[in-house]
Every structure is written in C-alpha cells, then in structure tokens.
Amino acid sequence: MKVTDVRLFRVEGSPPSWPYEDRSVEPLDLYPRRDAERTQPGRLRASYVEVETDEGLSGLYGPIDVRQAFLIASDLRPLLVGADPTATEALHDRMLRVQRHGRAGLFVTAVSAIDNALWDLRGKALDRPVYALLGGPTRERVPVYASMLGHSVEPDRAAAAASEHKELGFTSQKWFFAYGPGAGADGLRRNLAMAHAVREAVGQGYPLMFDAFMSWDATYAEEMLRGLEPVEPHWMEEPVPPERLDVLRRLAAGTPIRIATGEHASTRWQVKQLLDAGVRVIQTDPDWCGGITEQRHICSLCSTYDVPVVAHGHAVAVPLHLAASQSPQVVPLIEYLVRVQEKNQFFHRTIHRPTGGALELPTAPGLGIDLDPAKIEDRRELAFDL
C-alpha cells in the first residue's frame, strides 16, 4: 500500500446555536478586552485532512486549523506521497525532522493531524478500532471530567451549574478563571469567589480543577494559589506559559496544589522538562503534541515519573482511543468540554457524549470519524499558492 495523495478540504454548515456565557482569561487580557469582536458565527466551517492510498483506503482526521492545513500542504505532503502509510513510527520520525524550525509549536500540530489520519487508515486496513491496535481495551468505559468553559463564572450561577453536572454523573469538574493581572485585586477577588462557590456547591472531597490558560505571572499565580488552598483544588492548570520552567518549578515548590500543564507543549522532550520542573499532571493534546505516535511516548515517559496524563480536550476521538489503550493509572480520565464538543463534532455521524460521567468505547474501524453529508451544505478543497 502506498500514499497517493494528501487531500485538504473544508466543510460548511448551519449548526444550532450553543450557549456561551463567559470565557476564560486569556494572555491578551493584559490589554483592554475586545469581546465585541468574538461573536459566534451563524455558520460553522471545519477543515479536514485525508490520506489516500492506491488500494482505495483512506485515513481521515479533523477538524484541524487551516494553518495546520497549510503546513501539511507545504512541508508534509511531499514527504508522504509514495510512502507506506502503515509505517507510522518511521513517518512520524521523518516528519519531525523535515523542518529545521519545526520541532515544536504550530508545525508539530500539523504533524499531529497527519499522524492521527495515518492511524485511522491503519485501523481501517486491519478492520479494528485504533485502541485495539495500541494494545487495548484496558477498560469498558473511559471516565471524563466536565470541563465547564463557556458557563457563567458569576458565583451563584456557577454554583448551580456545578451542582447540576455533579447530578448528571460527572465525578469531577474543571472551572475557568475569567481574570488575570490586568483585572487587578478586584479580578483576583472575583476568581476566588467563584472557586469558593463551586466548592460549596459540590461539597468537600469532590475533585475540582481550575484553569488560567497561561494568563498569569508568577506573583499573581502565587497569590491565587494561596487563596485557593482552602478550596482544595485537585489541580491548578496553566497558571503561566509552559516554557517558563523556572516559574513552574517555583510555583510547584511553594504550594500543596498540583500544577498541571502541557496542553501547549510539543513532544516528549518538552514534557520531560515539565516533569523535571515539578509539574504533576501532564495534559498534552494528541491533536497538537505530535499525534498518537508521540502521545504513546509521552505516556511511557510520564509513567516513569508516576505522573498521570490527562489529555487536553480539543477533540474527543483520539484521547478516547489512547485512554482505552493505556493503564488507568497512566491515563485515569480525559477532558470533556461540555459546551464545546457538540460544536467540534457537529459534522460527524458519531458524536461522543458521556453518560454517567464516562464515554463508551467506539467499535468502528480506525478512529471512527465519519462525516455526515446531511450536515454539509458546502464542501471545497483547500488550495494553497505554494
């Protein structure tokens, strides 16, 4: 079997509207917010990559960012055409070596998309779900935590939503802080008020996590961590960007709260730096960190540190397959963005929805990503002037 082409295309449709009450703090919030420009469009576009072969089989992955698509077209497609698509480890290694500036960041997200599509192809060729090819299943259902991005952070409303999702069967939740250093002391007070409100709503002992999306500095993070100690968070996520290793080391040494990060890290080598800095939950996203092939290496690395891997939930399919193939000690659960995943999966026939706080394992060959023509109103190839 040989790769004959790597196709990039975009689909468009008219989804229902999803409620989005508040957003997370962002690094740019150090400057005046421009929320008026962040309205939800009435139509939805999503881009996909498809690896085609001379035997009629293809591997599909997405949605992906159009910037990933450009890098695939410019740097990776020439490497893949004519190659054996089942040689995933060899192709992965070659993709990481092809771009002198490409061993981290956006380029590795492009590698991730291709790697995931190749695993989808391999699963279809062998008529098995990807988790079975990776050594699974290790369990019948994969636990998820309710990731509450988009819910109101006003204390009373946040408390009500936290209580509701506990009743729905989610055994843990993550809440997103809306304020950073640019909002001053009042923002810090508001952050803590929300955290205390959701803790009171779900009770002591229920795992609560919090996320700052890389938007704090060391001083602000230290103040927030001190204020959060009575809330007893299960972890504090991305208080600062992941490359600030000295700050992460300082924060980890100064608080009993576990520091979590890795969503914006690339490959096992960056993850090792995070582990050595004292990070105690690794959140690499197989959509971005190098794909399924790389996330397997990351899981092995983290197991030697006794640090769990809890993948960031940009999408569901790949983290679900990986979790189903790993020991529950290494990957205890995955993230489920309760107000984002319906949108991210809109164009798919199979939509993963948790029941009782867990996801059923897929049974279709490959990753199980199958586009629904009934939801696609326009489809066009992505062409780049290279």
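Predicted, not measured: the structure shown is a model, and the values here were computed from it. The chain is numbered in sequence order, starting from 1.
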task: Kindly determine whether Asn191 and Met224 satisfy side chain to side chain contact (heavy atoms under 4.5 Å, CB included), including the steps that lead there.
output: CA-CA 8 Å; Asn191 283 341; Met224 277 296 306; 3.8 Å; yes

Ignoring hydrogens and geometry beyond distance, is a side-chain donor-acceptor pair present between [X] and [Y] at under 3.5 Å?
X: Asp186; Y: Tyr179; result: no
X: Arg43; Y: Ser14; result: yes
X: Ser325; Y: Arg296; result: no
X: Thr219; Y: Asp217; result: no
X: Arg258; Y: His234; result: yes
X: Ser58; Y: Glu50; result: yes
X: His297; Y: Glu89; result: yes
X: Asp115; Y: His92; result: no

Within the 4.5 Å heavy-atom criterion, are [X] and [Y] side-chain neighbours or not?
X: Asp372; Y: Phe347; answer: no
X: Val318; Y: Leu367; answer: yes
X: Phe9; Y: Leu371; answer: yes
X: Arg77; Y: Leu8; answer: yes

Has [X] got more than 12 heavy atoms of other residues, nucleotides or ligands less than 6.0 Å from its [atom1]?
X: Arg97; atom1: CZ; result: no
X: Glu381; atom1: CD; result: yes
X: Gln329; atom1: CD; result: no
X: Lys375; atom1: NZ; result: yes
X: Glu200; atom1: CD; result: no

Is any NZ, NE, NH1 or NH2 atom of the basic residue among [X] and [Y] found under 4.0 Å from an Asp or Glu carboxylate oxygen of the other?
X: Arg23; Y: Glu26; value: yes
X: Arg349; Y: Asp370; value: yes
X: Arg379; Y: Glu12; value: no
X: Arg244; Y: Asp246; value: no
X: Glu232; Y: Arg199; value: no

- request: Could you work out the complete set of other residues in the hydrophobic cluster of Leu30, with links drawn between I, L, V, M, F, W and Y side chains under 4.5 Å apart?
  value: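 Via sub-4.5 Å side-chain contacts, Leu30 links to Leu28, Tyr31.
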
- prompt: In the hydrophobic cluster built from side-chain contacts under 4.5 Å, what are the other members alongside Tyr145?
  reply: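 Met209, Trp235, Val281, Val310, Leu333, which link up through side-chain heavy atoms under 4.5 Å apart, make up the rest of the cluster.
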
message: Working note: Ser112 + Glu294, criterion side chain to side chain donor-acceptor pair (under 3.5 Å); need CA distance, chi angles, decisive distance, verdict.
response: CA-CA 8 Å; Ser112 305; Glu294 189 61 37; over 6 Å; no

- request: Could you give me the CA-CA distance, side-chain angles and deciding distance for His264 and Glu243, then say whether side chain to side chain donor-acceptor pair (under 3.5 Å) is met?
  value: CA-CA 9 Å; His264 297 102; Glu243 68 272 15; over 6 Å; no

- request: State, to 0.1 Å, how close Gln295 and Cys289 come at their nearest heavy-atom pair, and which atoms those are.
  value: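 Shortest heavy-atom separation between Gln295 and Cys289 comes out as OE1-SG, 3.4 Å.
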
query: Can you name the closest pair of heavy atoms from Ala277 and Ala252 and give their distance?
result: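 Residues Ala277 and Ala252, closest heavy atoms: O-CB, 4.1 Å.
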
Main-chain N/O of [Y] paired to [X] side chain as donor or acceptor, under 3.5 Å:
X: Gln99; Y: His101; value: yes
X: Arg139; Y: Ala323; value: yes
X: Gln345; Y: His348; value: no

To the nearest 0.5 Å, what is the distance between [atom1] on [X] and [atom2] on [Y]?
X: Met236; Y: Leu228; atom1: CE; atom2: CG; result: 7.0 Å
X: Arg122; Y: Ile292; atom1: CZ; atom2: CD1; result: 10.0 Å
X: Leu80; Y: Glu52; atom1: CG; atom2: CD; result: 12.5 Å
X: His151; Y: Trp175; atom1: NE2; atom2: CH2; result: 6.0 Å

task: Indicate, with yes or no, if the rings of Phe177 and Trp216 have centres closer together than 6.0 Å.
output: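 Ring centres of Trp216 and Phe177 closer than 6.0 Å.
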
- prompt: Strictly under 6.0 Å, is that where the ring centroids of Trp119 and His321 end up?
  reply: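 Centroid separation for Trp119 and His321: 6.0 Å or greater.
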
- request: Carefully, step by step, assess Ser147 and Arg339 under the rule side chain to side chain donor-acceptor pair (under 3.5 Å).
  value: CA-CA 8 Å; Ser147 193; Arg339 284 198 170 171; over 6 Å; no

- request: Start with the C-alpha distance between Val316 and Tyr336, add both sets of side-chain angles, then the distance that settles side chain to side chain contact (heavy atoms under 4.5 Å, CB included), and finish with yes or no.
  value: CA-CA 7 Å; Val316 177; Tyr336 192 88; 4.0 Å; yes

query: Where does the angle between the aromatic ring planes of Phe384 and Phe70 fall among parallel (under 30°), tilted (30 to 60°) and perpendicular (over 60°)?
result: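 Geometry flag for Phe70 against Phe384: perpendicular rings.
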
